[in-house]
Amino acid sequence: MNKEAKIYIAGHRGMVGSAIQRRLTALGYEKIITMSSAELDLRIQERVNEFFEAERPDYVFLAAAKVGGILANNTYRADFIYENIMIQSNVIHSAYATGVKKLMFLGSSCIYPKMAPQPLKEEYLLTGLLEPTNEPYAIAKIAGIKMCDAYRSQYGCDFISVMPTNLYGPNDNYDLQNAHVLPSLVRKFHEAKLNNASEVNIWGSGTPKREFLHADDLADACIYLMNNYSDAGLINIGTGEDISISDLGGLIQKVVGYEGSIVYDSTKPDGTPRKLMDVSKLTGLGWTFSISLEKGLELVYKEYQSRNK
Ligand code: GFB
């Protein structure tokens with residue numbers, strides 16, 4: 001992307017979209033177009049067509065999506081499949097119809113089969129049954145990958161699909177019911193410390209393992225791939241390292257400085273036992289992450305404290 005390019009970030013208010021916008025600005029890209037969901041409802045095809053006709057961006061980061069943790073995915077199953085399929089289908093089609101040079105579709109590591117061999121290679125897609133708790137979301141994201149590939153084969157569109165691992169960072173969602181595990185635990189330990197609570201409740205058994213990438217690293221990887229990768233299929237973005245939920249809880253407990261005990265709520269789902277990304281395709285292209293989980297946790301806790309005195 002040259003610095004004069006017109007770049008549209010769909011979903012710029014979210015954790016991923018805002019990180020991409022920060023990184024692009026820091027790199028000197030000035031023509032960045034953003035629209036809030038109040039200004040442009042991406043679920044309505046006609047509105048999206050009008051926007052693309054008027055703005056005609058050269059590049060698109062498709063980071064707009066309905067996202068959430070395991071409970072949100074399992075509760076709002078219809079919303080997760082409907083909203084994500086509508087948003088991505090409208091943006092991908094309008095990008096084709098207005099001759100966008102390149103589009104990046106952001107998926108998720110939950111697209112892989114629940115019991116796929118670890119670490120997850122891109123070719124494991126569609127080789128087994130999905131994790132039930134997030135199947136609607138995963139099906140939507142798989143449809144997005146396949147749509148980008150179909151537009152590449154029929155129309156020659158340079159639409160690429162990237163699959164980030166679990167993410168955390170600035171502008172994350174801290175709602176205790178709907179958020180992902182890392183921000184949820186940061187809030188739980190923080191509030192337990194403030195309120196002198198005797199224990200913190202961690203969902204499930206604590207045995208599942210998860211990989212965590214800071215949103216600023218993800219943004220850097222996305223811009224790197226937009227500039228250095230054009231291919232059908234998908235490419236994993238992650239650290240290649242994972243941690244058990246209970247060890248994550250121990251790390252967060254230390255960062256927060258909480259001295260009470262941890263209890264496990266077995267009425268809550270564990271979800272996928274493990275979803276460690278094989279990032280050799282990405283490292284082969286010359287990119288690796290730079291924010292360690294320990295460093296990242298300190299950064300997000302500092303930000304969380306500043307917003308929740
Ligand atoms: O981030 P998370 O909610 O989703 O992590 P997934 C869920 C894991 O953390 C489960 C445990 O094993 C939970 O039992 N956990 C422990 C908690 N305490 C908590 C808590 O307080 N809140 C939450 N949320 N979890 C998501 C997919 O899967 O990964 C999405 O559902 C998306 O579609 C996202 O792909 C990246 O990592 O299991």
Side-chain angles (χ1 to χ4, degrees), residues 14-16 63 65-77 79-81 83-85 88 106-116 118 120 125 130-145 161-169 172-192 197 199-215 218 234 236-239 242-253 256 258 262-277 293 300:
M15 177 170 70
V16 171
K66 178 166 181 63
V67 297
I70 189 166
L71 214 53
N73 267 268
N74 203 26
T75 307
Y76 307 108
R77 299 175 73 85
D79 298 344
F80 272 86
I81 193 162
E83 298 209 18
N84 287 306
I85 283 187
Q88 68 197 34
L106 280 111
S108 167
S109 59
C110 73
I111 57 157
Y112 291 107
K114 173 168 188 164
M115 304 311 286
Q118 305 284 322
L120 297 164
L125 181 63
L130 298 168
E131 158 58 35
T133 56
N134 55 45
E135 189 179 76
Y137 180 73
I139 291 285
K141 288 298 180 180
I142 293 169
I145 297 165
S161 297
V162 304
M163 297 301 121
T165 188
N166 287 48
L167 303 169
Y168 68 102
D172 204 346
N173 168 11
Y174 286 86
D175 177 90
L176 290 179
Q177 286 306 307
N178 298 322
H180 291 99
V181 59
L182 191 148
S184 298
L185 295 187
V186 165
R187 178 173 172 181
K188 285 180 175 180
F189 281 105
H190 176 76
E191 291 179 347
E199 60 190 32
V200 162
N201 170 319
I202 293 188
W203 294 352
S205 67
T207 58
K209 299 187 86 173
R210 291 291 183 271
E211 177 184 359
F212 297 99
L213 181 72
H214 192 281
L218 174 76
L234 57 162
N236 292 337
I237 303 180
T239 63
D242 61 359
I243 183 172
S244 71
I245 296 299
S246 47
D247 287 349
L248 174 72
L251 259 187
I252 296 172
Q253 179 178 21
V256 170
Y258 171 71
I262 292 173
V263 293
Y264 290 91
D265 176 357
S266 57
T267 67
K268 295 287 190 312
D270 268 345
T272 304
R274 198 176 186 205
K275 44 180 185 173
L276 175 64
M277 305 283 248
L293 181 57
V300 291

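Atoms within a ligand are numbered from 1 in the order they appear, just like the ligands themselves. Please read all numbers here as calculations on a predicted model, not as lab measurements.
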Numbered atoms of ligand 1 (with element) below 4.0 Å of [X], judged on heavy atoms:
| X | answer |
| --- | --- |
| P208 | 12 (O) |
| S184 | 20 (C), 21 (O), 22 (N) |
| C110 | 33 (O), 35 (O) |

Could you check if a side-chain atom of [X] sits within less than 4.5 angstrom of a side-chain atom of [Y], using non-hydrogen atoms only?
| X | Y | result |
| --- | --- | --- |
| L125 | L234 | yes |
| M277 | I237 | no |
| N74 | I70 | no |
| L106 | L218 | yes |
| E191 | V200 | no |
| Y258 | K188 | no |

Report the distance from atom [atom1] of [X] to atom [atom2] of [Y], rounding to the nearest 0.5 Å.
| X | Y | atom1 | atom2 | value |
| --- | --- | --- | --- | --- |
| T267 | N201 | OG1 | CG | 8.0 Å |
| K275 | R210 | NZ | CZ | 5.0 Å |
| I111 | M163 | CD1 | CE | 4.5 Å |

Worksheet item: Considering only heavy atoms, which of N166, T207, N134 lies nearest to atom 36 (C) of ligand 1?
Response: N166
Mode of [X] contact toward ligand 1 - side chain, backbone, both, neither (heavy atoms, under 4.0 Å):
| X | result |
| --- | --- |
| W203 | both |
| E131 | neither |
| I70 | both |
| K268 | neither |

Checking the N or O distance criterion of under 3.5 Å, is ligand 1 in contact with [X]?
| X | answer |
| --- | --- |
| N73 | yes |
| R210 | yes |
| S108 | yes |
| N201 | no |
| A179 | yes |
| S109 | no |
| G271 | no |

Answer with yes or no whether [X] contacts ligand 1, where contact means a heavy atom under 4.0 Å from a ligand atom.
| X | result |
| --- | --- |
| T272 | no |
| K188 | yes |
| G68 | yes |
| T133 | no |
| I202 | yes |

Worksheet item: Quick check: does any side chain N or O of N134 sit under 3.5 Å from a backbone N or O of N73, one acting as donor and the other as acceptor?
Response: no
Practice prompt. Check whether any side-chain N or O of H214 sits under 3.5 Å from a backbone N or O of L167 as a donor-acceptor pair, and report yes or no.
Written response: no
Starting from [atom], find the nearest protein heavy-atom neighbour and note its residue, name and distance.
| atom | value |
| --- | --- |
| atom 17 (C) of ligand 1 | V181 CG2, 3.4 Å |
| atom 33 (O) of ligand 1 | Y137 CD2, 2.9 Å |
| atom 13 (C) of ligand 1 | P269 O, 3.6 Å |
| atom 12 (O) of ligand 1 | D270 O, 2.6 Å |
| atom 8 (C) of ligand 1 | I245 CD1, 4.1 Å |
| atom 26 (C) of ligand 1 | K275 NZ, 3.6 Å |
| atom 34 (C) of ligand 1 | H180 NE2, 3.5 Å |

Practice prompt. Evaluate side-chain contact (heavy atoms from CB on, under 4.5 Å) for T239 paired with T165, printing each intermediate quantity in order.
Written response: CA-CA 8 Å; T239 63; T165 188; 5.6 Å; no
Item to complete: Carefully, step by step, assess I202 and L185 under the rule side-chain contact (heavy atoms from CB on, under 4.5 Å).
Response: CA-CA 8 Å; I202 293 188; L185 295 187; 4.0 Å; yes
Worksheet item: Counting only heavy atoms not in Y264, do more than 12 sit closer than 6.0 Å to its OH atom?
Response: yes
Item to complete: Could you go through the side-chain contact (heavy atoms from CB on, under 4.5 Å) check for N173 and V67 one step at a time?
Response: CA-CA 10 Å; N173 168 11; V67 297; over 6 Å; no
Worksheet item: Where do F212 and L248 land on the side-chain contact (heavy atoms from CB on, under 4.5 Å) test, with the steps shown first?
Response: CA-CA 10 Å; F212 297 99; L248 174 72; 3.7 Å; yes
